[in-house]
There are 2 protein chains.
Amino acid sequence: MENSGIARGNIARQANKKLRRQRILDLAVRLIASDGIEGFTINRLAREARVSTPTIHNLFGKKNDIIKELVSNLIQHMGGLAVKSPPIDPIENAKFFIGNIITEFEKNTDFFRVALMSAEQLGLFHPKLPNGLHQQAQQVARPRKEWYESGLLLGNIEPSVIRETVHNSNRLGRLDWASGYIDLNQMRRQVLQNIFLAYASDASPEYHVRLCEEISSLNSQ
Amino acid sequence: MENSGIARGNIARQANKKLRRQRILDLAVRLIASDGIEGFTINRLAREARVSTPTIHNLFGKKNDIIKELVSNLIQHMGGLAVKSPPIDPIENAKFFIGNIITEFEKNTDFFRVALMSAEQLGLFHPKLPNGLHQQAQQVARPRKEWYESGLLLGNIEPSVIRETVHNSNRLGRLDWASGYIDLNQMRRQVLQNIFLAYASDASPEYHVRLCEEISSLNSQ
DNA sequence: AACTAAATTTACTTAATAGTAAAAACTGGA
DNA sequence: TCCAGTTTTTACTATTAAGTAAATTTAGTT
C-alpha cells in the first residue's frame, strides 16, 4: 500500500487501473441508460466490457458500489454548477442557470440521466439527508436581496416561499427529463415558465409586465 | 366458462375466488409498501399469504399482472376524485381538491403509495400515454372561466400556463409523498402554496392580498 | 531477459427467482 | 353421502444472479 520500496511497479499500475475503471464505468452508464437499473447486472457489464466478472469485482467491489460511485460523481458535478458570476436580473439569472444545467446535461446525457434516476430511487434527494444535494439546490434557488432592494420584487410573499417554488420547479424539470417524459428543450421551457410565474406572483407592476412577456415568448417559439 | 348447465358450483366459487384474490392483493400491497417493488417476489407473497406459489399464479397469472392490476385500480380511484360540486372560489376550490385527495390517501395509504410509485416507474404518467391519467389531471387543474369573468384572475397570463403549473404542483406533491419525502400534511402545505403562488401571479390586486394571507397562514401553522 | 506483484480468468458455489405438470385435497351442489 | 369440477399443493425444472478461490497471465521494473 505504501509507495516506499515494497511496491515496485505501482505508480504506473495505479494510473492504468484508473483508466480501465473509467472505461468500464462509462460502459456501465451506457448500459443502465439503455436498459434501466433493473436490467443492469455485473455479468452483463463484464460480457460487454469483454472481461470476466471477477475483474469487475476487483475494480469496483460489490455491485452497489458502482451505483454509489455514479451518485457521488453526480454530487460533485452538481456542485460545480453553482457558478461565480450569475447575472443580476432575475429573468437573466434564471436563464443563465438553466442554460448552464442544459449545457452540462448535453455534454454527458447518459451519465446525468442514470445518476439522477439512481439518486432518486435511492432517495438521495430526501430533504433530511446530509449529502447536501437538497440544501445546495435550495441555496441556488433563493431570490436575491438586490431584487427586493431594487423594487423588482415587492416582498409581499416570503422569499422562502419563492425559493421553495423555484427549487421545486428545477427539481420537477430534472426529474421529468431523467424519466424521459420531456427533452432538454421542454425542460427549459417548463422550468423557466414555472420560475417566472413564481417571480410574477411578487413582482412590481413593471417587472410583472416583463415576466408576462417572457412567459408568452416561451410558449410561442 | 359459461354459467349455463355445465359448471355446477360456479356461482359461489367465483365469488369466493374474488375474496381470496382481494385478500392476497391487499397483502401484496402491504408487502410492496414495506419493502419496495424490488424486494417483492411471488415466493414471498405466497409464503406470507400461507399459500403455495402456484396458487398465486393461478389467481393472478404472471408476476407483472399483479402490478398491472394495482395500477388499473389506481386509475379508477383517481378518476373518482374528480367530484361534481367543487367550490367556486379558487382558494376554496384548491383546498377542496387537496382535501379530497388527502382523505382518499389516508383511507388507503399503502395502496396509493405503492400504486403511484409503480405507475411512476412504469412511466404511466407520461404525457403521451393514452391511459388518460395525465389528461385527466390536467383537466382538473384548469382555472375556471368564472374566475376571469368575476375579475379574480386578470388573464395577463395564459390560462394554460396556470393550468400547467397547478398540475405540476399536484404532481410533485404526490410524488414527494409517495417517495416518503413528506407526509400528507406537508404535501397539503406544499401543493397549496405552489397553487396559490400560481394564482397570485395573475390575480387582481384584491385577490392577490387574500392569496398572500393564505400563503402566510400556511407557513405559520 | 527475468523477476515479482498485480490483474485476470477459469471453474466453481450458493442462493434466489419465475414458472409448471401432475397428484392430492377440497368445495359446493344434487 | 357422494360426485365432478375447481383449487391447491408437492415436487420439480430452468434460469440467472452475485460472488469467490486458486491457477494463470500480464505488466512494470531492474
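Note that these values count all heavy atoms, side chains included, but never hydrogens, waters or copies made by symmetry. Residue numbers start from 1 in every chain, and the chains themselves are labelled A, B, ... in the order their sequence lines are given, proteins ahead of strands.
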Asks: How long is the line joining NZ of B:K18 and P of D:dT7, in whole Å?
Replies: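 After rounding, the reported distance stands at 14 Å.
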Asks: When the distance from CG of B:N58 to P of C:dA22 is rounded to whole Å, what number comes out?
Replies: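 These atoms are roughly 16 Å apart.
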Asks: Could you list the residues that satisfy salt bridge (charged side-chain N to carboxylate O under 4.0 Å, His left out) with A:E104, not counting sequence neighbours?
Replies: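 Here the qualifying residues are A:K107.
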Asks: Over how many whole Å does the gap from A:Q14 atom CD to D:dG28 atom P extend?
Replies: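 Rounded to whole Å, this separation is 12 Å.
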Asks: Output all residues satisfying salt bridge (charged side-chain N to carboxylate O under 4.0 Å, His left out) with B:D65, sequence neighbours left out; order by chain, then residue number.
Replies: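 With neighbours one apart ignored, the set is B:K68.
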Asks: Can you tell me how far P of D:dT8 sits from CZ of B:R20, to the nearest Å?
Replies: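 Atom-to-atom, B:R20 to D:dT8, this comes out as 4 Å.
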Asks: For B:F40, enumerate each residue passing the ring pair (Phe, Tyr, Trp, His ring centres under 6.0 Å) test, keeping only those at least two apart in sequence or located in another chain.
Replies: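 Once residues adjacent in sequence are excluded, B:F40 has no partner under the ring pair (Phe, Tyr, Trp, His ring centres under 6.0 Å) criterion.
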Asks: Please give the angle, rounded to 10 degrees, between the axes at the start and the end of the helix from C:dA1-D:dT30 to C:dA30-D:dT1, where five pairs define each axis.
Replies: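 Result, rounded to 10 degrees: 10°.
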Asks: Check the distance between D:dT7's P and B:I56's CD1 and give it to me in whole angstrom.
Replies: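 Going from CD1 in B:I56 over to P in D:dT7 covers 14 Å.
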Asks: Who pairs with A:R21 by salt bridge (charged side-chain N to carboxylate O under 4.0 Å, His left out), at least two apart in sequence or on another chain?
Replies: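 Salt bridge (charged side-chain N to carboxylate O under 4.0 Å, His left out) list for A:R21, sorted by chain: A:E69.
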Asks: Can you tabulate the close N/O pairs, meaning under 3.5 Å, that link protein atoms to atoms of nucleotides 24-26 of chain C?
Replies:
none

Asks: Write out all pairs satisfying salt bridge (charged side-chain N to carboxylate O under 4.0 Å, His left out) with one or both partners inside residues 184-193 of chain A, taking only residues at least two apart or from two chains.
Replies: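 Every salt bridge (charged side-chain N to carboxylate O under 4.0 Å, His left out) pair that includes a residue of residues 184-193 of chain A, provided the two are not neighbours, is A:R189-B:E164.
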Asks: So which protein nitrogen or oxygen atoms get under 3.5 Å of nucleotides 17-23 of chain D's nitrogens or oxygens?
Replies:
from   : atom 1 : to    : atom 2 : distance (Å)
D:dA18 : OP1    : A:I42 : N      : 3.3
D:dA18 : OP2    : A:I42 : N      : 3.3
D:dG19 : OP2    : A:H57 : NE2    : 3.4
D:dG19 : OP2    : A:K63 : N      : 3.2

Asks: Please give, in whole Å, the distance from D:dG28 C1' to A:K17 NZ?
Replies: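 Those two atoms, NZ and C1', are 15 Å apart.
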Asks: Any Lys/Arg nitrogen of A:R163 or A:E158 sitting under 4.0 Å from an Asp/Glu carboxylate oxygen of the other?
Replies: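 The answer is no: the pair does not qualify as a salt bridge.
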Asks: Would you mind reading off the distance between B:L19 atom CG and C:dT27 atom P, rounded to a whole angstrom?
Replies: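 Going from CG in B:L19 over to P in C:dT27 covers 14 Å.
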Asks: May I have the distance from A:E38 (atom CD) to D:dT16 (atom C1'), rounded to whole angstrom?
Replies: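 Answer to the nearest Å: 15 Å.
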Asks: Which residues pass the ring pair (Phe, Tyr, Trp, His ring centres under 6.0 Å) test with A:H134, not counting sequence neighbours?
Replies: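 A:H134 satisfies ring pair (Phe, Tyr, Trp, His ring centres under 6.0 Å) with A:H167 once adjacent residues are dropped.
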Asks: Checking B:F97 now: which residues fulfil ring pair (Phe, Tyr, Trp, His ring centres under 6.0 Å) with it, not counting sequence neighbours?
Replies: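 With sequence neighbours excluded, B:F97 shows a ring pair (Phe, Tyr, Trp, His ring centres under 6.0 Å) to no residue whatsoever.
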Asks: Looking at A:R144 and A:D89, is any side-chain nitrogen of the basic one under 4.0 Å from a carboxylate oxygen of the acidic one?
Replies: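 So A:D89 does not pair with A:R144 through a salt bridge.
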Asks: Taking ring pair (Phe, Tyr, Trp, His ring centres under 6.0 Å) as the test, write out the residues that go with A:F112, two or more places apart.
Replies: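 Counting only residues at least two positions away or on another chain, A:F112 forms a ring pair (Phe, Tyr, Trp, His ring centres under 6.0 Å) with A:H77, A:F105.
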Asks: Go through the structure and list residues passing salt bridge (charged side-chain N to carboxylate O under 4.0 Å, His left out) with A:K128, not counting sequence neighbours.
Replies: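 For A:K128, no residue satisfies salt bridge (charged side-chain N to carboxylate O under 4.0 Å, His left out) once neighbours in sequence are set aside.
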